[in-house]
Amino acid sequence: LNYSVSLYNYANTCNDAIDQDTITIYWGDGSSSVVSRTNGPIVGGFPAGVPVCDCRKLCIYTATHKYPGDAAYRIHIDDPARMAGINNMINSVGQNFYIYTTIVPNILTGTTIVTPVVTNPLACENACSGIPYYYDLGAYSTIGDSLSYSLGNCLAAGGYKAVGYAIPGGVSIDPVTGILQWISPSTPGIYNFAIDIISYRRESVAKNV
């Protein structure tokens, strides 16, 4: 029932940038924690994150939590610092940034829960107008779980769909490989996509007769 959780946040460092030394993680059991950033050089008493491309830096926030028992828990953040000017939603700067993962601990089986590793983050990707675009998450499970992929909705405050959010025409994702394709990007700008990844596991249960 003890879990370590790391949030990887690719923060905006240009224009309307808001630098967050801490972020609040909600554990799904009615409790929450204010968690400090853990990576990068120390600036002003806090780790400052690490630049990864133009206008983006990686900020990692890590904490541990013990759950009270078996249940389904939605671990999430509900953060007001969403960047402005996102093309495929309305007034993005006024809408919270909400992401989550769900875990289901089981004391009886002692099942280890590990979220998939994404080796090719979408934060620094660029497409060209009129040219087909393909993106591979490069996701895998460190413990051999099977993964499936689907396009979800970008979520805002309370876990509800962001106002005006729409997936542009011609965008789809392969449910098996996780490769996203955009047949013909058109209007230049910044776009948000939510890719849902589900881990599946086959387990055997030994019984004494």
Does Leu147 belong to the same Ile/Leu/Val/Met/Phe/Trp/Tyr cluster as Leu122, with side-chain heavy atoms less than 4.5 Å apart forming each link?
yes

d(Asn9 CG, Gln20 CD) to nearest 0.5 Å is 6.5 Å

Distance-minimising heavy-atom pair for Leu137 and Val118
O-CG1, 3.5 Å

Check whether any side-chain heavy atom of Tyr10 sits under 4.5 Å from a side-chain heavy atom of Pro121, and report yes or no.
yes

Could you give the distance from OH (Tyr100) to CG (Asp78), rounded to the nearest 0.5 Å?
13.5 Å

Test side chain to side chain contact (heavy atoms under 4.5 Å, CB included) applied to Cys154 and Gln95, step by step:
CA-CA 10 Å; Cys154 285; Gln95 301 198 58; over 6 Å; no

Thr101 side, atom OG1; His76 side, atom NE2 - distance, nearest 0.5 Å
12.5 Å

Any donor-acceptor pair under 3.5 Å linking the side chain of Ser148 with the backbone of Pro175?
no

I'd like to know whether Asn12 forms a side chain to side chain contact (heavy atoms under 4.5 Å, CB included) with Cys55, so could you lay out the CA-CA distance, the side-chain angles of the two residues, the decisive distance to 0.1 Å, and finally the verdict.
CA-CA 6 Å; Asn12 176 33; Cys55 293; 4.2 Å; yes

Checking Leu180 against Leu151 for the side chain to side chain contact (heavy atoms under 4.5 Å, CB included) test, could you report, in this order, the C-alpha distance in whole Å, the side-chain angles of both residues, the deciding distance, and whether it holds?
CA-CA 9 Å; Leu180 180 145; Leu151 284 173; 3.9 Å; yes

Just so I know, are the side chains of Thr13 and Pro51 near enough to count as touching, which here means a heavy-atom distance under 4.5 Å?
no

Membership question, hydrophobic clusters at under 4.5 Å side-chain separation (ILVMFWY): are Ile197 and Val117 in the same one?
no

Check: Gly138 main-chain N/O paired with Asn120 side-chain donor or acceptor under 3.5 Å
no

Cluster overlap Ile60 with Val52, hydrophobic side-chain contacts below 4.5 Å
yes

Looking at Asn106, I'd like to know if its CG atom is crowded, meaning that more than 12 non-hydrogen atoms belonging to other residues, nucleotides or ligands lie closer than 6.0 Å.
yes

If you round to the nearest 0.5 Å, how far is OG1 of Thr187 from CG of Asn87?
7.0 Å

Which atom of Pro185 lies closest to which atom of Ile131, heavy atoms considered
CD-O, 3.1 Å

Within one Ile-Leu-Val-Met-Phe-Trp-Tyr cluster: Ile190 and Phe193, side-chain cutoff 4.5 Å
yes

Is the backbone N or O of Thr62 less than 3.5 Å from a side-chain atom of Ser6, with the two atoms forming a donor-acceptor pair by type?
no

Ring pair (Phe, Tyr, Trp, His ring centres under 6.0 Å) test vs Trp182 passes for just one of Tyr134, Tyr135, Tyr133, Tyr191, namely Tyr191

Could you list the donor-acceptor pairs under 3.5 angstrom formed by side chains in residues 163-172, with sequence neighbours left out?
unit_1 : atom_1 : unit_2 : atom_2 : d
Tyr165 : OH     : Asn192 : O      : 3.0
Ser172 : OG     : Gln181 : NE2    : 3.3

May I ask you to check whether over 12 heavy atoms, not counting those of Asp54, lie within 6.0 Å of atom CG?
no

Could you tell me whether the side chain of Ser33 and the main chain of Ile25 form a donor-acceptor pair under 3.5 Å?
no

Tyr67 side chain to Trp27 main-chain N or O, any donor-acceptor pair under 3.5 Å?
yes

Say whether, by atom type as modelled, one donor and one acceptor occur between the side chain of Arg37 and the main chain of Cys59 under 3.5 angstrom.
no

Taking side chain to side chain contact (heavy atoms under 4.5 Å, CB included) as the test, write out the residues that go with Asp145, two or more places apart.
Ser141, Ile143, Ser199, Arg201

Once rounded to the nearest 0.5 Å, what's the spacing between atom CD1 of Ile198 and atom OH of Tyr149?
11.5 Å

With Ile75 as reference, evaluate Ile103, Leu7, Thr115 under the side chain to side chain contact (heavy atoms under 4.5 Å, CB included) test and give the passing residue.
Ile103

Show the nearest heavy-atom pair for residues Ala71 and Pro105, with the distance to one decimal.
O-CD, 3.1 Å

For the backbone of Val176 and the side chain of Asp174, can you confirm whether one donor and one acceptor N or O come within less than 3.5 Å of each other?
yes

When you measure from the side chain of Asn96 to the backbone N and O of Tyr98, does any donor-acceptor pair fall under 3.5 Å?
no

What are the two closest non-hydrogen atoms of Ile86 and Ser92, and how far apart are they?
N-OG, 3.2 Å

Looking at Cys124 and Arg56, what are the two nearest heavy atoms and their distance?
SG-CB, 4.3 Å

Could you pull out the closest heavy-atom pair between Val93 and Ala84, with the gap in Å?
CB-CB, 3.6 Å

Path from Phe46 to Val35 over hydrophobic side-chain contacts below 4.5 Å:
no

Interatomic spacing from NZ in Lys57 to SG in Cys14 - rounded to 0.5 Å:
11.0 Å

Answer yes or no: is there a side-chain heavy-atom contact under 4.5 Å between Ile99 and Ile77?
yes

N/O donor-acceptor pair under 3.5 Å between Asn39 side chain and Leu58 backbone:
yes

